[in-house]
Amino acid sequence: MPISFSTTSSALLAQAATGGDPSGGTLAGSGALAAGGNVLAAGGGAAEGLSGFSAWTVTIMETLGPLGVGFLVFLDNIFPPIPSELVLPLAGFTSSQGQLNIVAAIICATLGSLIGAIVLWALGKWIGIERIARIAVKMPLVDVDDVHKTVDWFDRHGDKAVFFGRMIPIFRSLISIPAGMRDMRLLKFTLLTTAGSAIWNTILIVAGFYLGENWAIVETYAGYFQKIVIVAVIVLVIVWILLKVRKRRRKKAAGADVTENDHIEPGEFDS
């Protein structure tokens, strides 16, 4: 999303450069237009030419500095519709305009990620696995065995899930909740989350910094990645549903009770 000036501003600059005659002095007018454009860009800040959420995001960063980056990334963790795929490249772009220190932006973004993740970890710990399991087994096609398989998977791969999950759209925030449910030690969770978040934040902020006004390229390709993840999740859910429906039909044909395995015993998921 390159920054540009309005037609009216360009016309006024050109007219001023030609002594009031907008039709003459083409070469001189072009030079003055370029110089005037640089002056406007410098005076207007990195938000000049942006609109909507992008302009609001850059304004927050310019007003609060690196803390603004951390605040926005924290919101991204708690409220995923605020996308880090947009916020982080914009932080890099704002740094390239001299409005932010890029190292401070990366540090604050990582702190924002960590604080948001800890909030969700605490939420998962408060909810607990048994409470979620009791709700899950009341849902169509879900039974206790499914919950046990999910819990066992997280117990085996939880460290990798938390680390790599910080770099995957959708899962970036959600992975903190099961970590809390399974009572992952806060120190381990903090280290894994910080490492994964630092990598993700650095890649997107540095990319936005070097792309400058073309920062939106990062958002575009990150958007492709997010779409791939969403499609993969949808496909996996559809396959799981089809397999569960087939399994239940076989049980019914054999005369088995398909609702017999939906009771959660106290302490059933204690490790």
Side-chain angles (χ1 to χ4, degrees), residues 70 73-85 109-201 225-226 229-241 243-244 247-248 258-271:
V73 174
F74 168 78
L75 290 182
D76 165 55
N77 278 261
I78 302 299
F79 189 64
I82 296 180
S84 65
E85 292 84 357
T110 302
L111 285 174
S113 298
L114 176 60
I115 294 171
I118 289 176
V119 170
L120 294 179
W121 174 89
L123 176 65
K125 186 177 177 64
W126 174 74
I127 294 174
I129 186 63
E130 285 191 12
R131 187 179 302 176
I132 289 296
R134 289 192 180 95
I135 296 173
V137 296
K138 301 300 181 184
M139 298 173 63
L141 304 178
V142 180
D143 56 35
V144 176
D145 288 341
D146 297 320
V147 180
H148 273 290
K149 288 177 183 177
T150 303
V151 171
D152 290 342
W153 181 91
F154 189 86
D155 287 344
R156 292 194 306 271
H157 306 289
D159 293 0
K160 295 188 288 291
V162 170
F163 175 74
F164 290 107
R166 299 305 305 177
M167 308 174 214
I168 301 176
I170 301 175
F171 295 99
R172 185 178 308 115
S173 298
L174 297 179
I175 194 61
S176 303
I177 297 176
M181 288 179 178
R182 290 308 286 159
D183 202 21
M184 176 181 284
R185 288 185 298 111
L186 183 57
L187 177 59
K188 177 192 286 189
F189 177 78
T190 297
L191 293 174
L192 292 170
T193 299
T194 300
S197 298
I199 293 172
W200 176 258
N201 295 341
F225 180 37
Q226 181 172 357
V229 172
I230 292 173
V231 170
V233 170
I234 292 173
V235 169
L236 288 174
V237 169
I238 292 174
V239 170
W240 180 82
I241 290 174
L243 292 175
K244 292 295 292 185
K247 181 179 178 180
R248 292 218 164 190
V258 295
T259 63
E260 63 179 354
N261 195 16
D262 63 355
H263 181 67
I264 302 295
E265 297 291 341
E268 187 164 342
F269 298 97
D270 290 347
S271 54

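For reference, positions follow the sequence shown, starting with 1.
Rounding to the nearest 0.5 Å places CG of N77 at 10.5 Å from CG of L174. Here L120 contributes atom CG and I115 contributes atom CD1; the two are 12.5 Å apart, rounded to the nearest 0.5 Å. Atom CD1 in I132 sits 5.0 Å away from atom CD1 in I127 (nearest 0.5 Å). Atom CD1 in I199 sits 10.0 Å away from atom OG1 in T110 (nearest 0.5 Å).
Under the salt bridge (charged side-chain N to carboxylate O under 4.0 Å, His left out) criterion, D152 pairs with no residue, sequence neighbours left out. Scanning for side-chain contact (heavy atoms from CB on, under 4.5 Å) contacts around I241 gives L141, V237, V245, with sequence neighbours left out. Taking I234 as the reference, I230, I238 meet the side-chain contact (heavy atoms from CB on, under 4.5 Å) condition, with sequence neighbours excluded. For T150, there are no side-chain contact (heavy atoms from CB on, under 4.5 Å) partners at least two apart in sequence or on another chain. For F189, the side-chain contact (heavy atoms from CB on, under 4.5 Å) criterion is met by A117, I118, W121, V162, S176, A179, M184, L186, T193, not counting sequence neighbours.
Screening residues 157-176 for salt bridge (charged side-chain N to carboxylate O under 4.0 Å, His left out) gives E85-R172, D159-K188 as the qualifying pairs, with residues at least two apart or on separate chains. Note on residues 157-182: pairs passing ring-ring contact (aromatic ring centres under 6.0 Å, His included), not counting sequence neighbours, are W153-H157.
Minimum interatomic distance between W200 and M167 (heavy atoms only, all atoms of both residues): CZ3-O, 3.3 Å.
L114 is not listed as a side-chain neighbour of S197, based on a closest heavy-atom distance of 4.5 Å or more. At least one side-chain heavy atom of I129 sits under 4.5 Å from a side-chain heavy atom of V151.
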